[in-house]
Amino acid sequence: MTHAALLLNPNAGNQKMIRQIDTIKNRLEENFDHFTFYETEYPGHGAEIVDDICEEVDVLIGAGGDGTIYELANALCSKEKRPVFGIIPGGTCNDFSRAIGLNQNPLLAVEQIIQNNRKTIDVGRSNNEYFLNFWGIGMITQASENIDPNTKELFGRLSYYISSAQTINDPSPFHLKVESDDRQFEGEAVMMLVGNGPFTGGVQAFFPENNLTDGKFDVLIIKESSLPTFWSFFQSKFTKEPALNEDIIHFQTKKLSITAEPEQKIDCDGERNYTTPSTLELLPEHLTVLAGEL
């Protein structure tokens, strides 16, 4: 281990990590030959820092929530030379840090990072952006947009499921066309979810058996007619089989194209910047991360 850089989003997790940052910095300084600390000041600042330093550092560590990790990962994944990526979780759900086995206590996650357990993982690409966890349209996007910020602050991960329950009662169907080498679909749907990792909203609700190294996406399509079955599936959250019947479609693939009418806003790891149509491609072993227990 030589040169490490830590990028902190000071606003993540209601600024909780700020109170621990001195301890975190001290531990990293003790275990790297050279250590640099950056604090982001505005949206997009983290990506700008990555652009400036990625050629100079061996390990880049992001401290923050899923939005921070999305921003840094997108900056990293577009580069030809990519430093090893470490994460100190500091948000509400922290989906990717859970997927790579990191402790959700930031101080314990730092100790795992110091162990230098490297794992090469798959990354998803959707047109102009990359994703580590999931890509979705329909109810998954509606649920994210319907979250009350006050509820999120009070109830954390539970707020995602409160919003999802409300969204299921008022879905917005759309015409979906999906093409891949493994399966095609065309018809009415209320949600499509493409998983790279197992966590969505902080729990393994949709793809509990998925992992970041299997070289395939998991694809879930929910038809409007299957909402009662899907609601039972959603409530359980512990089932090992996302394809409960023929109306809930589940398959695996490496590349697929999606069109929707009307066009749908895309939720990509919790960020909603683009709309359909979209072409998704899995990039095998694209990013090396510092992992915990897998």
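Numbering of residues begins at 1 and proceeds along the displayed sequence. As a basis for the values below, the full set of heavy atoms in this structure was taken, side chains included, without hydrogen atoms, waters or symmetry mates.
- Closest approach of L7 to G46, counting heavy atoms only: CD2-O, 3.7 Å.
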- Message: Go through it in stages, so that I can follow the logic: the residues are N211 and T213, the test is side chain to side chain donor-acceptor pair (under 3.5 Å), and I'd like the CA-CA distance, side-chain angles, deciding distance and then a yes or no.
- Response: CA-CA 6 Å; N211 66 71; T213 61; 3.0 Å; yes
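- Considering every non-hydrogen atom in both G215 and D122, the closest pair reads N-OD2, 2.7 Å.
- Contact check for T259 versus T276: no side-chain heavy atoms found under the 4.5 Å cut-off.
- Residues L102 and L60 are members of one and the same hydrophobic cluster, defined by side-chain heavy-atom contacts under 4.5 angstrom among Ile, Leu, Val, Met, Phe, Trp and Tyr.
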- Go through the steps for R27 and I114 under the test side-chain contact (heavy atoms from CB on, under 4.5 Å), then give the verdict. CA-CA 8 Å; R27 290 296 291 143; I114 290 169; 3.7 Å; yes
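- Put simply, the side chain of K223 does not reach to within 4.5 Å of the side chain of E188, judged on heavy atoms.
- Counting all heavy atoms, side chain and backbone alike, L72 lies closest to A47 at CD2-N, 4.4 Å.
- Not one N or O on the side chain of D66 forms a donor-acceptor pair closer than 3.5 Å with the backbone of G270.
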- Stepwise side-chain contact (heavy atoms from CB on, under 4.5 Å) test for F96 and I121: CA-CA 11 Å; F96 184 64; I121 62 149; 3.4 Å; yes
- Kindly indicate, with the supporting measurements, whether the criterion side chain to side chain donor-acceptor pair (under 3.5 Å) is fulfilled by E129 and N74. CA-CA 6 Å; E129 61 185 335; N74 267 265; 5.5 Å; no
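- Two residues are said to be in side-chain contact when any heavy atoms from C-beta on lie closer than 4.5 Å; V110 and L28 meet this criterion.
- Side-chain contact between N133 and Y70 is absent, with no heavy atoms from C-beta onward closer than 4.5 Å.
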- Message: Could you go through E281 and K255, starting from their C-alpha distance and side-chain angles, then the distance that decides it, and tell me whether this counts as salt bridge (charged side-chain N to carboxylate O under 4.0 Å, His left out)?
- Response: CA-CA 4 Å; E281 178 184 6; K255 187 174 181 178; 5.0 Å; no
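- N127 contributes a side-chain N or O that, together with a main-chain N or O of T279, makes up a donor-acceptor pair within less than 3.5 Å.
- For the pair T36/H3, a side-chain contact is recorded, criterion being any heavy-atom separation below 4.5 Å from C-beta on.
- Remark: side-chain polar atoms of T40 are not paired, donor with acceptor, to backbone N or O of Y42 under 3.5 angstrom.
- The six-membered or imidazole ring of F134 lies away from that of F217, with a centre-to-centre distance of 6.0 Å or more.
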- Item | Check against side-chain contact (heavy atoms from CB on, under 4.5 Å), I87 and I61 | CA-CA 5 Å; I87 296 170; I61 303 166; over 6 Å; no
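- The closest side-chain heavy-atom distance from L256 to E179 is not below 4.5 Å.
- Screening residues 75-85 for salt bridge (Lys or Arg N to Asp or Glu O under 4.0 Å) gives D51-K79 as the qualifying pairs, with residues at least two apart or on separate chains.
- Here Q112 pairs with nothing under the side chain to side chain donor-acceptor pair (under 3.5 Å) rule; sequence neighbours left out.
- Pairing each heavy atom of M17 with each of A63, the nearest pair is SD-CB, 3.4 Å.
- V84 is listed as a side-chain neighbour of R118, based on a closest heavy-atom distance under 4.5 Å.
- At a threshold of 4.5 Å between non-hydrogen side-chain atoms, the residues Q104 and N94 count as touching.
- Taken to the nearest 0.5 Å, the CD atom of E71 stands 8.0 Å off from the CG atom of N9.
- Proximity of a side-chain donor or acceptor of R183 to a complementary backbone N or O of T253 within less than 3.5 Å is not detected.
- Between F37 atom CZ and K25 atom NZ the span is 5.0 Å, to the nearest 0.5 Å.
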Could you pull out every donor-acceptor pair under 3.5 Å between side chains of residues 282-292 and any protein atom, sequence neighbours left out?
residue : atom : partner : partner atom : Å
H286    : NE2  : C77     : O            : 2.9
T288    : OG1  : T120    : OG1          : 3.4

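- Atom-to-atom distance recorded for I258:CD1 and Q264:CD is 12.0 Å, nearest 0.5 angstrom.
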- Item | Steps toward side-chain contact (heavy atoms from CB on, under 4.5 Å) verdict (V59, F85) | CA-CA 6 Å; V59 177; F85 193 32; over 6 Å; no
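- Distance alone, capped at 3.5 Å, is enough to place a donor-acceptor pair between the D269 side chain and the L132 backbone.
- Rounding to the nearest 0.5 Å places CE of M192 at 7.0 Å from CG of L280.
- Taking all atoms of both residues into account, the shortest heavy-atom contact from C268 to Y130 is SG-O, 4.1 Å.
- P89 approaches P106 most closely through the heavy-atom pair O-CG, 3.4 Å.
- In this structure, OH in Y274 is found 13.5 Å from NZ in K265, a value given to the nearest 0.5 Å.
- Cluster membership check: L108 does not share its hydrophobic cluster with I113, using side-chain heavy-atom separations under 4.5 Å among Ile, Leu, Val, Met, Phe, Trp and Tyr.
- E271 contributes atom CD, which lies 11.5 Å from atom CD1 of I69 (distance to the nearest 0.5 angstrom).
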- Query: Going through the distances and angles, do H45 and E39 end up as a side chain to side chain donor-acceptor pair (under 3.5 Å)?
  - Reply: CA-CA 9 Å; H45 190 202; E39 190 170 316; over 6 Å; no
